[in-house]
Amino acid sequence: MIRIKKKFLLAIFVVVFFVYLYFYLYSNVPSNSEKFIDTVPKTIPNYKKYSNVHDVVEKPLDDINDNDNLLGEEDPEQSNLGKKDLINDQILPENNNDVESSCNLDIDTVPNSDIQMLNVYNEIPFDNLDGGVWKQGWNIEYDIHQWNRNHKLKVFIVPHSHNDPGWINTFDEYYERQTKQIFSNMLRHLDENENMKFIWAEIVYFSRWYDSLMTSESKDKVKRLIKNKQLEFVTGGWVMTDEAASHWYSILQSLTEGQVWLKKTFNISNIKSSWAIDPFGHSSVMPYIFKEAGFENMLIQRTHYSVKKYLAQRKELEFRWRQLWDTKGTTDLFTHMMPFYSYDVPHTCGPDPKICCQFDFKRLPGYGLSCPWKVPPVPITDDNVAKRAEMIVDQWRKKSVLYKTRSVLIPLGDDFRYTQSMEWEAQRVNFEKIFEYVNNEPSFNVEAKFATLQEYFDSVRHEKGTNQFPSLTGDFFTYADRDDHYWSGYFTSRPFYKRIDRILMNYLRTAEMLHSWTSWEKSTGFEKRLEQARRALSIFQHHDGVTGTAKDYVMADYNEMMTDGIKNSKFVIQQAVYKLLTESNIYHPDYSFTYFNIDDSRTAASDDSSRSVIIIGDEIPYKYVVIHNSQTYLRNEVVEFFVAKPFVCVTDADGNSVDAQITPFFSWHKGIYQGLPQPQFSTTKYRLIFSASAPALGLSVYKLNAKNKRDECPSTTYSKITIFTDNQFAINLDEYPEKVTFAEPKETSLRINENSPGASFNKYGILKSLSQDSKSPVVPVHLEFMRYGTRMAHGQRSGAYLFLPDGPAQKLEIKENPTVVISNGQLEASISTGLSFVIHESILRSGGDALEIRNSVDIRETSNTEIIMRLSTNIKNENVFFTDLNGMQYIKRKILKKVPLQGNYYPIPTGIFIEDDLIRLSLFTSTPLGGSSLNPGEIEIMQDRRLNQDDERGLGQGVTDNKPVLNIFKLVLESRESCKKNDEQYPMGFLTTTAYMEQKKLLHPFEKLIYSENDWNGVKHSFGNDHEEQEPGFEIVVMRTLPHIQANAIGLVVHRTNFDKCSVESSMNGNQFNIKRLLGLDENEESREIYRSTVTLLEPHQKVSDESIPMCGMDIKGFILK
Ligand SMILES: [Zn+2]
């Protein structure tokens, strides 16, 4: 039997392949072959050469620096002379109306940079040699003469404490048990010792403590410490965000929430340096956000040990991090990468942890901590200080020669440090003894002190212009801390919570937007609700939150906050919608009333039972529903509601009939005999599907009218249901006017109309091929579910962080015919199949350009299993693919054979695509997950992971709290024939307008509101018809009220994405947009003025005189309207 099946499949495959080959050849050869030969880039010099040329132009950095080091001579002026100043440290770019020429994105130019990370990956051998005491490096040697009386080694000891807002304990527990004590001891010890310093990153903790201080005396003390620059806030974000799974909208929320609190509380608006010592890999979206927030410096730590070594060997651990598209260097942000394994004391004073550990005075005998290298610290005394100083100065020097300047940064801290008074005392007193000795011993040529992060960066910048540091483009994924231990598991861990993150992100953004259209009385409490939602989303961006790397109950705690955030956002949304759509003379609001239920067809769980069912009939003849569009362009999209009766007629608010479709509702249930899930049809609810449209940033009202039978509404059609099963069963659809057909399992295909995508499926209801429309070639796209197992070796097993598979993925065989339900309608066609671990559904919709895939994944009955969905095509992408960074940009990736499978896995926060000269296949995801393109023509994306053990990174548990989760994807197939082929060295990719709009439907679908009452007096038909529509690509990232500035101030953050150049696309013509026209502000009655600001919206900067604002591709700009 099996053999026959295999042969049969093989035969089908061969036939499909030849059919495809036929189309492939005949549809392309005649008209386009020449064009493609032309567009293949001429053999340009390889990148290394390219970058050498650049180095010459910019002057050979290394020569200059070597001279500096040897002579100890330096003219600070000289560094800026005779050089093209590549860095632009202005917070805000100059207003320039000649936009084209001022844009830093030019798709025809490969951006120049001294270091390109993809090329670095090609160069690194990944040989993991034993480097001696610095295991992952080498034996560092130095020339003592590089320091002298006039050019001392400047040592900045920076006391810090890393406080995770939730990990092993919840945020509250940590605060009560540890963090509170840190702050009260800080207050005392900094106050008593003016040379002692402390830096703090997580504002979620600091605000909690400061807001609870009872006396103004204590508050004044804090303010004095800030003023004295003893206490310094670094980054100033709500949390230290994850950089892989987080969406950049949410990263910006977290940064803004913390910084707004600092601005309100201490009037701080000039934080210049960020501190990210613990996120597991680093994204180049961060320097871009920081740059636009007015930062000048950033610090990162967790990058691949081989990357650290490579950069350290070249003295390139400090660089100007540049955006991938930037041809002008205007996005550069000065970056310091820490060189060693960890941010704890053993790995920060120098290369030898055995020595450094002896200078962590919390590990003095009797404090309950020790050194794993078996040599504990000893208190510094007059007798031993000479010897101890010699030891640590040697470490400082060795660390310092990995960098270009004579300033060296020595962080002094660890997780939840400085909780005890005696700990403050021990660190301070012992180091002060060392400082005193070292600073007064001329032979050292060292000047050491406690310092803040900013002092270090200031010193570096004083020594050398930032243009003497190399520029770098790319990112730092995928992180490995040792051996082949790649941290690619957390890209997917806890997908259920990752999904809640995206749902909250969307509702919060919409709530802020709708809330800011009108002014509200203070008594509404809406600002408080929005603040709760912001803080819930912000805390979850923590690098143990959205990463899924906290204890089960800590994840549940985050979930509670986020669920409240969603509720609060929804409440504000529906109140705002009621106000915007009700005539003002009728509007007498009750601020605690729920005017609308918000219906969501993309819940995190696969269970639809919480959704509203609209009941209309004899008693309630109609119901109003409202659609909201949060994008800046008019959208037409198919929406779905549940209705209790199958006879419904949809009209818009003006009474015009709207095309609609009714489809039976069914859910899947496992049978009592543990067989495959079977569909159960409902007699009390049906799916109402209709094409809705809503203006840019606007609302539309629709009316659902009850009818008694099918004939009463010709604009409503009924889908036809076909079921493939080996065992027919009885189905009752109550009044549904179409019969269900049963059939033998067979191949089938779906298409809404000839201009829309088509898909064909095997007899199991699983995707086999796709076509862009009925005239385009059919492209084989074979979908399958596969599984990775876990390696057996002790201490090397997959867990929440690590992905350590036991080999390539194994196919999950389908052993018996599953039941397949096919629904064919005019607006929506779908095929749904019940497999043992996933309910897999594929949907095509009218007006859509994507195949939607919905996987309700449930792996609770497995162990040590990671499930993936793999798509196999014959796209000739070689080893190249593109994944997004934080939903903002697509970076080019390459599969490297020298890197293990798990190291070739990358975060997929929103999408991945592969392409060749003819075809591009993009997969967009509703949930951040991990994935790759391990073999040519493939895309794979992980669905869920269940792991029975800890992976020894401190969490102390496996991942076994899986819940059924709904992962939604959009699959877009596009022809590349009319698209420009980028230079082979171009380090990133761009979506087409079509693909971009499909992706937006996933992350920012129409909000659907159901009016709770029957009659709606004073209902307006729409809102936003006066909003000037923008081309897709102009995004409103944030539109919110700014109570910290003034009651009716509005903050706007605008982003313009860049699209791939394809002739069929509407190209991005307009480079300018007009805020007032976009928002429909009447110039006469609104006397609002517009100011530029940073993207954190702290305060207004210069006034915008010309209302047409230039925006280049990939620009982000902040504005404040007062
Ligand atoms: Zn941490």
Side-chain angles (χ1 to χ4, degrees), residues 158-175 177-179 182-183 198-206 208 233-246 250-251 254-255 258 274-283 286 298-303 337-338 340-348 362 411-419 453 476-477 479-482 485 487 489-491 493-494 497-498 501 538-555 557-558 799-802 907 950-957:
V158 178
H160 71 98
S161 181
H162 179 69
N163 281 231
D164 294 303
W167 182 39
I168 307 301
N169 298 313
T170 64
F171 164 69
D172 282 327
E173 289 168 345
Y174 277 136
Y175 175 75
R177 294 170 195 172
Q178 300 181 71
T179 313
I182 297 174
F183 292 134
F198 198 53
I199 61 167
W200 192 263
E202 300 86 3
I203 302 305
V204 58
Y205 278 117
F206 201 90
R208 165 108 179 229
F233 296 105
V234 285
T235 314
W238 199 243
V239 301
M240 185 184 292
T241 65
D242 164 54
E243 303 182 21
S246 282
S250 304
I251 293 172
S254 166
L255 183 63
S274 83
W275 174 260
I277 54 174
D278 203 22
F280 328 134
H282 293 280
S283 162
M286 302 305 289
M298 66 186 289
L299 175 142
I300 57 177
Q301 150 60 17
R302 287 194 188 267
T303 57
M337 183 189 291
M338 289 168 60
F340 307 123
Y341 174 75
S342 165
Y343 53 81
D344 60 9
V345 180
H347 297 93
T348 47
K362 195 190 178 173
L412 183 71
D414 204 338
D415 291 358
F416 293 96
R417 282 302 185 90
Y418 300 96
T419 48
L453 181 64
F476 300 100
F477 291 115
Y479 171 60
D481 57 350
R482 58 178 190 250
H485 293 195
W487 295 41
Y490 82 92
F491 302 156
S493 296
R494 269 70 174 255
Y497 299 112
K498 283 177 159 74
D501 170 81
S538 294
I539 197 172
F540 195 61
Q541 304 315 306
H542 165 53
H543 54 265
D544 294 305
V546 68
T547 52
T549 55
K551 290 265 191 204
D552 292 355
Y553 85 108
V554 177
M555 295 307 297
D557 185 53
Y558 289 130
Y801 303 91
L802 304 185
D950 184 45
D951 52 7
E952 304 193 356
R953 292 304 183 278
L955 179 58
Q957 64 155 72

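If you read the sequence from its start, that first residue is 1, and numbering goes on from there. No experiment lies behind these values; they were computed from the predicted model shown. In each ligand, atom 1 is the first atom listed, and ligand 1 is the first ligand listed.
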Under-2.8 Å protein N/O/S neighbours of the Zn ion (ligand 1), ordered by chain then residue number: His162 NE2, Asp164 OD1, Asp278 OD2, His543 NE2

Cut-off 3.5 Å, side chains only: do [X] and [Y] have a donor facing an acceptor?
X      : Y      : result
Asn163 : Thr179 : yes
Asp344 : His162 : no
Gln541 : Ser246 : yes

Presence of salt bridge, Arg494 and Asp552, under 4.0 angstrom: yes

Presence of salt bridge, Asp172 and Arg208, under 4.0 angstrom: yes

Heavy-atom pair with the smallest gap, counting every atom of Ser274 and Met298: OG-CB, 3.1 Å

